[in-house]
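To start, the structure itself, in C-alpha cells.
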Amino acid sequence: YGILITIGFLIYWIPTAMFIYSIGTFSYNGTPIPSVTWDSNTQNLWYFHLFALFWVLAFILAVIQFIVAATATQWYFTSSSDASGSGSVIKSVYWCFRYHLGSLAFGSLVLAIVMFVRFIFAVSYTHLTLPTILLVQISVVA
C-alpha cells in the first residue's frame with residue numbers, strides 16, 4: 001500500500017508544482033524554453049513545496065518501515081520452537097498511529113531537512129561546475 005500512497009501524493013504534488021511554476025513571469029530569450037522570473041513570495045512557496053515533498057515522502061517511508069518492523073517483532077516474540085508466531089498488521093498500524101506517530105513525524109522531519117540541504121548543495125554544485133564542463137567540452141571539440 002505504500003507505493004499507492006506515494007503515487008497518490010505525487011499525483012497531487014506534480015500538478016501543484018506545475019501551478020506554482022506557472023505563477024511567474026515568462027520571458028522568451030530566443031529559445032523555445034522560456035525562463036521564469038518569480039517574486040520572493042513565489043520563490044519561497046516553491047522551496048516550501050519542495051521541502052514538503054521531501055518530508056511527506058520520508059514520513060510515508062517511516063510509517064511503512066515501522067509497520068513492517070512492528071509486525072515482524074510481534075511474529076518473532078510470539079513464536080516458539082513448536083509453532084510459528086503470529087504478527088498482526090492491524091495491531092502494528094494501531095501502534096503506529098496511536099503511540100509512535102509523533103516520533104515518526106519528527107524523524108522524517110530531520111531526514112527531510114538533511115535531504116533538502118543535500119539537494120541545495122547538489123544544485124549549487126551543478127551550477128558551479130556546469131560552465132567548466134561545457135568549456136572543457138567545447139575546447140575538446142575545437
Side-chain angles (χ1 to χ4, degrees), residues 1-29 31-141:
Y1 293 111
I3 192 74
L4 294 176
I5 294 170
T6 303
I7 290 172
F9 176 71
L10 289 176
I11 288 173
Y12 158 76
W13 190 86
I14 291 171
T16 307
M18 291 169 44
F19 174 74
I20 293 171
Y21 183 81
S22 69
I23 291 174
T25 306
F26 291 93
S27 61
Y28 295 91
N29 299 329
T31 61
I33 300 173
S35 62
V36 180
T37 53
W38 293 322
D39 62 351
S40 63
N41 290 334
T42 306
Q43 194 169 11
N44 291 338
L45 179 63
W46 174 252
Y47 291 141
F48 174 77
H49 191 63
L50 185 63
F51 180 76
L53 171 72
F54 292 142
W55 193 1
V56 170
L57 291 180
F59 181 73
I60 291 170
L61 181 64
V63 167
I64 291 169
Q65 287 176 342
F66 177 84
I67 291 171
V68 169
T71 304
T73 302
Q74 290 175 41
W75 174 84
Y76 180 79
F77 285 110
T78 59
S79 65
S80 63
S81 60
D82 297 337
S84 64
S86 63
S88 171
V89 176
I90 302 296
K91 185 185 263 187
S92 298
V93 170
Y94 174 75
W95 285 355
C96 175
F97 287 105
R98 176 66 173 96
Y99 300 111
H100 301 283
L101 198 62
S103 299
L104 295 174
F106 181 72
S108 62
L109 173 66
V110 172
L111 284 176
I113 291 170
V114 170
M115 286 190 291
F116 191 70
V117 169
R118 287 183 67 191
F119 176 77
I120 289 172
F121 282 142
V123 169
S124 299
Y125 178 77
T126 302
H127 285 291
L128 290 175
T129 59
L130 187 61
T132 307
I133 292 170
L134 289 177
L135 181 63
V136 169
Q137 288 178 353
I138 290 171
S139 63
V140 168
V141 171

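All values below were derived from every heavy atom in this structure, side-chain atoms included, with hydrogens, water molecules and symmetry-related copies excluded.
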The ring pair (Phe, Tyr, Trp, His ring centres under 6.0 Å) partners of Tyr47 (sequence neighbours excluded) come to none

Can you measure from CZ (Phe19) to CD1 (Ile23) and round to the nearest 0.5 angstrom? 4.5 Å

Any idea which heavy atoms bring Gly24 and Val36 closest together, and the distance? CA-CG1, 3.7 Å

Take the angle between the ring planes of Phe51 and Phe116 and call it parallel below 30°, perpendicular above 60°, tilted in between. perpendicular

Residue pair Ala105 / Trp55: nearest heavy atoms and the distance that separates them: O-NE1, 3.3 Å

Mind checking the CD1-CD1 spacing from Ile64 to Ile3? Nearest 0.5 Å is all I need. 8.0 Å

To the closest 0.5 Å, what do you measure between CD1 (Ile67) and CZ (Phe97)? 6.0 Å

Atom pair CG/CG of Leu57 and Leu10 - distance to nearest 0.5 Å: 6.0 Å

Heavy-atom distance under 4.5 Å between the side chains of Tyr94 and Ile90, does that happen here? no

Closest contact, heavy atoms only, Trp13 versus Leu53: NE1-CB, 3.4 Å

Specify the closest pair of heavy atoms between Thr71 and Ser88, including all atoms of both residues, with the distance to one decimal. OG1-O, 3.9 Å

So, taking the atom named CG in Leu45 and the one named OG in Ser40, what distance separates them when rounded to the nearest 0.5 Å? 11.0 Å

Specify the closest pair of heavy atoms between Phe54 and Ala112, including all atoms of both residues, with the distance to one decimal. C-CB, 3.9 Å

Plane angle bin for Tyr21 and Trp38 - parallel if under 30°, tilted between 30 and 60°, otherwise perpendicular: perpendicular

Between atom OG1 of Thr42 and atom NE2 of His49, what is the distance when rounded to the nearest 0.5 Å? 13.0 Å

Any side-chain donor-acceptor pair under 3.5 Å between Ser92 and Gln74? yes

The complete set of side-chain hydrogen bond (donor to acceptor under 3.5 Å, both in side chains) pairs with one or both residues in residues 56-70, sequence neighbours excluded, reads none

